[in-house]
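Presented below is the structure to which this report refers.
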Amino acid sequence: MAVRDLVVVFIIAGVLYPSAGSPSGGLLPSGSSGSPVRIERVRHASAEAGGQWVELKNHAKSSRDLRGWRLRAGNGAVYEFGPYRLGPGQSVRVHTGKGHDSPSDLYWGRRVPALPDTGATVTLRTPHESVDSCRYTTEEDSC
């Protein structure tokens with residue numbers, strides 16, 4: 001195989017499979033993910049954990065099982081989904097505070113805020129890979 005052929009193979013592999021050492025760190029900016037489930041909005045109301053949430057939306061035409069998926073908040077806190085199916089075109093808000101789960105609202109159960117007021121990045125991962133991230137800076141940001 002010629003050097004030119006190796007360069008082409010390397011470039012293709014780098015595009016299809018970004019490494020953890022790549023500038024993106026393997027993370028995809030919001031909206032460019034191959035996953036149909038994406039972070040839509042983040043609200044980090046400053047006073048309490050109850051006012052904070054991350055909204056996810058399923059852009060697919062079929063349900064998605066989110067069991068084992070994780071949200072990593074700006075301060076490093078992690079929420080892991082239990083058994084939960086997100087229907088086609090549906091959204092769910094993951095609230096950082098306490099409450100009772102419903103089809104449209106899930107609760108992390110934290111007593112203290114998980115989303116820093118100064119802004120940060122929230123990341124969504126399947127059990128195998130990062131699928132979306134959202135950098136927020138204002139009290140309620142669309143991603």
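No donor-acceptor distance shorter than 3.5 angstrom exists from the side chain of Y84 to the backbone of R64, with no hydrogens or angles considered. Remark: the backbone N or O of G87 is paired with a side-chain donor or acceptor of N58 at under 3.5 angstrom. Distance alone, capped at 3.5 Å, is enough to place a donor-acceptor pair between the Q52 side chain and the L115 backbone.
Taken from SG in C134 to CZ in R38, the straight-line distance is 12.5 Å, to the nearest 0.5 Å. Put simply, OG on S133 and CZ on R125 are 11.5 Å apart, with the number rounded to the nearest 0.5 Å. Between the CG atom in L66 and the CG atom in L124 there is a gap of 7.5 Å [rounded to 0.5 Å].
Between V37 and the options L86, T126, V131, V92, a side-chain contact (heavy atoms from CB on, under 4.5 Å) holds for only L86.
Partners of N75 by side-chain contact (heavy atoms from CB on, under 4.5 Å), not counting sequence neighbours, listed by chain and number: A73, A77, R110, A114, P116. When the side chain to side chain donor-acceptor pair (under 3.5 Å) test is applied to S102, no partner is found at least two apart in sequence or on another chain. Residues forming a ring pair (Phe, Tyr, Trp, His ring centres under 6.0 Å) with Y79 (at least two apart in sequence, or on another chain): F81, W108. Annotation: side-chain contact (heavy atoms from CB on, under 4.5 Å) contacts of Y107 (sequence neighbours excluded): H95, D101, D105. With sequence neighbours excluded, no residue forms a salt bridge (charged side-chain N to carboxylate O under 4.0 Å, His left out) with R72. R70 pairs by the salt bridge (charged side-chain N to carboxylate O under 4.0 Å, His left out) definition with E80, not counting sequence neighbours.
What you find for P83 and R67 is that their closest heavy atoms are CB-NH2, 3.2 Å. In this structure, A120 and R135 approach most closely via the heavy-atom pair CA-NH1, 2.9 Å.
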Requested in this report: Let me see the working for L56 and D132 under side-chain contact (heavy atoms from CB on, under 4.5 Å), right down to the final yes or no.
Outcome: CA-CA 10 Å; L56 306 179; D132 201 8; over 6 Å; no

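At least one side-chain heavy atom of R41 sits under 4.5 Å from a side-chain heavy atom of W53. Using a 4.5 Å cut-off on side-chain heavy atoms (C-beta onward), K98 and R111 make contact.
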